[in-house]
Amino acid sequence: MTKAIPKIGSRKKVHIGLRRNARFSLWKSARRITKGVIHVQASFNNTIITVTDPQGRVVFWSSAGTCGFKSSRKASPYAGQRTAVDAIRTVGLQRAEVMVKGAGSGRDAALRAIAKSGVRLSCIRDVTPMPHNGCRPPKKRCL
Amino acid sequence: CWILNTPIPFPLPHSDGRRPHHGAKSPTTAKPARMFPCRPLVSPPLPRALAAAAPVSVRRLPWASTSLRVVRCMAKERRVRMVAKQIQRELADMLTRDPVMQRAVLPEAALGADRYLSSLTTIADVELSNDLQVCKVYVSVFGDERGKKVAMAGLKDKTKYVRSQIGKRMKLRLTPEIRFIEDESMERGSRILTILDKLKEEREQREGNGEEEDGEASDIAEEEDGDWEGDEPDEEDIIYVK
């Protein structure tokens with residue numbers, strides 16, 4: 001969810017790319033930023049990596065599905081690793097802060113890939129949504 | 001299946017349930033080549049010609065099963081996989097939500113420093129034995145040496161607690177015994193990948209210089225490839241994309 005920040009400069013190209021949701025135009029028009037925040041959402045079935053600027057505006061996103069994996073292989077650690085590599089290579093970050101959400105197996109692999117790719121990690125935060133006992137969780141799965 | 005011509009050391013009961021009479025000779029001396037169909041004793045005796053012709057479904061002879069082997073109940077493969085996956089989910093959920101587990105893995109959480117992490121623990125894989133009694137949990141810790149040691153020690157400390165929690169959350173007849181194992185496959189994989197990348201770079205550099213170094217580089221690459229065989233199935237995906 002992007003915050004309501006007044007837009008500076010012309011970003012029409014990026015917006016059109018996101019609206020059409022075509023990967024190619026996203027790639028071409030993805031801004032290159034040096035400092036940003038990497039959000040890693042690692043669910044049990046997929047890993048989604050979103051790169052934003054420090055204010056939270058999305059620059060680029062990538063997921064295991066867009067990297068060519070399908071069905072159960074999206075959840076594997078290797079998929080998380082490939083996704084992270086893909087995201088960083090497109091954006092070309094130098095310094096980043098990582099926010100991790102969820103507890104899937106792609107989480108660790110993505111972190112390692114980010115650390116290995118030369119991006120300086122300033123800090124790792126865990127932002128898994130935690131209710132202070134709010135909504136009723138779904139019922140238990142019985143096997 | 002057919003038991004063909006096996007010399008059976010003791011006299012067999014007749015197919016209609018009668019035990020052989022006291023003076024019965026063993027089949028090897030009594031009659032020449034005989035086909036013994038594998039079927040339970042209760043079925044009506046077929047004439048030998050028909051029995052030889054018709055293939056019978058695989059079933060063990062009852063007298064053989066009780067005397068020769070111990071019957072053990074094994075769960076089906078699919079169920080084992082499903083239970084393992086569910087245990088992985090429950091453990092991951094416990095690591096994120098349960099304060100006891102969080103404090104075991106990351107002692108700083110008790111002081112309040114839980115948002116800026118020094119180490120991150122993930123359940124990489126769960127392997128369950130076929131009889132659902134032993135569960136090996138591969139834990140991967142991201143962080144420095146000290147963080148790893150602290151996390152693994154904390155988890156091993158809480159093994160009984162984890163087992164009781166899993167028993168409460170999942171409906172299983174017998175909760176498996178849980179063993180936490182440090183998962184090194186990630187580091188091994190990333191190390192080997194860095195080596196391979198370095199070799200590729202070197203090879204690309206040397207391609208400009210000469211042909212002779214190529215053989216050397218490819219030999220080293222083959223040695224590294226040999227290391228792959230011992231890795232977990234997860235890492236195989238790096239080379240062989242299914």
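All chains are named by letter (A, B, ...) in the order of the sequence lines, taking the proteins before the strands, and each is independently numbered beginning at 1.
- With a 4.5 angstrom heavy-atom cutoff, A:Ala79 does not touch chain B via any of its atoms.
- When all heavy atoms are compared, the tightest approach of A:Ala103 to B:Thr96 is CB-CG2, 3.7 Å.
- Side-chain N or O atoms of A:Arg141 include none that pairs as donor or acceptor with a backbone N or O of B:Met170 at under 3.5 Å.
- In this structure, chain B has a heavy atom under 4.5 Å from the backbone of A:Pro129, while its side chain stays farther away.
- Between A:Arg107 and B:Thr121 the shortest heavy-atom distance is NH2-O, 2.6 Å.
- Taking NZ of A:Lys116 as the reference point, atom CD of B:Glu187 lies at 13.0 Å (rounded to 0.5 Å).
- Taking every heavy atom of both residues into account, A:Met130 and B:Arg97 meet most closely at SD-CG, 3.8 Å.
- Proximity to chain A involves both the backbone and the side chain of B:Leu120, based on heavy atoms less than 4.5 angstrom apart.
- Taken to the nearest 0.5 Å, the NZ atom of B:Lys85 stands 9.0 Å off from the CZ atom of A:Phe44.
- With a 4.5 angstrom heavy-atom cutoff, B:Arg169 touches chain A only via backbone atoms.
- In this structure, the separation between CZ on B:Phe142 and CG on A:Leu121 is 6.0 Å, given to the nearest 0.5 Å.
- From A:Lys140, atom NZ reaches atom NZ of B:Lys171 across 9.0 Å, with rounding to the nearest 0.5 Å.
- Separation of atoms CG (A:Asp108) and CG (B:Asp183) is listed at 8.0 Å; rounding is to 0.5 Å.
- If you measure heavy-atom distances from B:Val83 to chain A, the contacts under 4.5 Å come from both the backbone and the side chain.
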